[in-house]
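Each remark here refers to the structure printed beneath this line.
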Amino acid sequence: MSNAAAKVIDHPLIQHKLTLMREKSTPTAMFRELLREISLLLLYEVARDLPLVMKEIETPLEKMQSPTLGGKKLCLISILRAGDGLLQGMLDLIPSARVGHVGLYRDPKTLEAVEYYFKVPHSIGDRLCIVVDPMLATAHSAIAAIDRVKAAGAKKIKFVCLLAAPEGIETFSKAHPDVQIFTAAIDRELNDHGYILPGLGDAGDRIFGTK
Ligand code: PRP
Ligand code: URA
């Protein structure tokens, strides 16, 4: 169920693919491919309000005014490393998008986000920035990433994930009330180790086969 801070994109194709991803028996290659497929479907919805401008073109029969995407190209920003699982499919849909990376890992004891890399295009202030990470758990990683992206000049930001915890949505929307969250599902709760229940486990490990 969507709420003010988070829009749930509950298309049947997304829900079906997400169920396959949650299954612990789903192998790495299939998990990665399902995430890529879902990323296309999520972006379709996230991009719904992109501005269009009319342009004159010539069909084989006559001239016409036809809509094209207006304004500067988007910037996709991946929170490493699991964000890269959503990035590639989105780039297939909008190949001219600029790309930024924020490298963060969660300290397993404190659950605080620790930054190890940051690189975004200079011109992000003029672009819609779509920050992607499959998991919004405590929200520490997403908040830290968006703090940095805003400090680098971004003004219009959307956050796209696959699964969100209610606790994470609440914390995130207090820190960044101007940033809308798009997610495929809102799960029940976090466990004592900050994992989403029922969830799908550690997204990075499942994408890259590191466990
Ligand atoms: C995972 C996930 C998010 C973060 C979410 O990354 O990809 O970035 O945890 O948790 P949070 O909302 O509590 O911050 P992880 O730290 O495991 O790093 P990885 O992507 O390198 O595996
Ligand atoms: N990060 C993950 O990869 N999975 C969770 O459930 C929580 C944080």
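Only heavy atoms go into these numbers, but all of them, side chains included; no hydrogens, no water, no symmetry mates. Each ligand, and each atom within it, is numbered from 1 in the order the structure gives.
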Side chain R106, main chain H140, donor-acceptor under 3.5 Å:
no

For atom 5 (C) of ligand 2, which protein heavy atom lies nearest, and how many Å away is it?
Y195 CD2, 3.3 Å

Proximity of A203 to ligand 2 by residue part, where a heavy atom lies under 4.0 Å:
both

I'd like to know whether T28 forms a side chain to side chain donor-acceptor pair (under 3.5 Å) with R32, so could you lay out the CA-CA distance, the side-chain angles of the two residues, the decisive distance to 0.1 Å, and finally the verdict.
CA-CA 6 Å; T28 301; R32 199 184 297 143; 5.7 Å; no

E58 side chain vs M64 backbone, donor-acceptor pair below 3.5 Å:
no

Please say which of L86, L43, L87 ends up in a side chain to side chain contact (heavy atoms under 4.5 Å, CB included) with I130.
L43

Tell me whether T26 contacts the main-chain N or O of L20 through its side chain, where contact means a donor paired with an acceptor under 3.5 Å.
yes

Identify the closest protein heavy atom to atom 6 (O) of ligand 2: which residue and atom is it, and at what distance?
I196 N, 2.8 Å

Which ligand 2 atoms does A137 reach within 4.0 Å, using its non-hydrogen atoms?
7 (C), 8 (C)

Report, in ascending order of atom number, the atoms of ligand 2 lying under 4.0 Å from any heavy atom of G201.
2 (C), 3 (O), 4 (N), 5 (C), 6 (O)

Is it true that R206 lies under 4.0 Å from ligand 2, counting heavy atoms only?
no

Sidechain-backbone polar pair: D187 side chain, E189 backbone, donor-acceptor under 3.5 Å
no

Cation-pi between R188 and Y195: NZ/CZ under 6.0 Å from ring centre and within 45° of the ring axis?
no

Indicate every side-chain donor-acceptor pair of residues 155-164 with a distance under 3.5 Å to a residue at least two apart or in another chain.
| unit_1 | atom_1 | unit_2 | atom_2 | d |
| --- | --- | --- | --- | --- |
| K158 | NZ | V46 | O | 3.2 |
| K158 | NZ | D49 | OD1 | 2.9 |
| K158 | NZ | D49 | OD2 | 3.4 |

Measure and list all N/O to N/O distances between ligand 1 and the protein that fall under 3.5 angstrom.
| unit_1 | atom_1 | unit_2 | atom_2 | d |
| --- | --- | --- | --- | --- |
| ligand 1 | 7 (O) | D133 | OD1 | 2.9 |
| ligand 1 | 8 (O) | D133 | OD2 | 2.4 |
| ligand 1 | 12 (O) | A137 | N | 2.8 |
| ligand 1 | 12 (O) | T138 | N | 3.1 |
| ligand 1 | 12 (O) | A139 | N | 2.8 |
| ligand 1 | 13 (O) | R106 | NH1 | 2.7 |
| ligand 1 | 13 (O) | T138 | N | 2.9 |
| ligand 1 | 13 (O) | T138 | OG1 | 2.5 |
| ligand 1 | 14 (O) | S141 | N | 2.9 |
| ligand 1 | 14 (O) | S141 | OG | 2.5 |
| ligand 1 | 16 (O) | R106 | N | 2.8 |
| ligand 1 | 20 (O) | R81 | N | 3.1 |
| ligand 1 | 20 (O) | A82 | N | 3.1 |
| ligand 1 | 21 (O) | R81 | N | 3.4 |
| ligand 1 | 21 (O) | R81 | NE | 3.1 |
| ligand 1 | 22 (O) | R81 | NE | 3.1 |
| ligand 1 | 22 (O) | R81 | NH2 | 3.1 |

Using a strict cut-off of 4.0 Å, indicate which atoms of ligand 2 neighbour a heavy atom of G194.
7 (C)

Let me see the working for L41 and H11 under side-chain contact (heavy atoms from CB on, under 4.5 Å), right down to the final yes or no.
CA-CA 8 Å; L41 299 164; H11 190 285; 5.6 Å; no

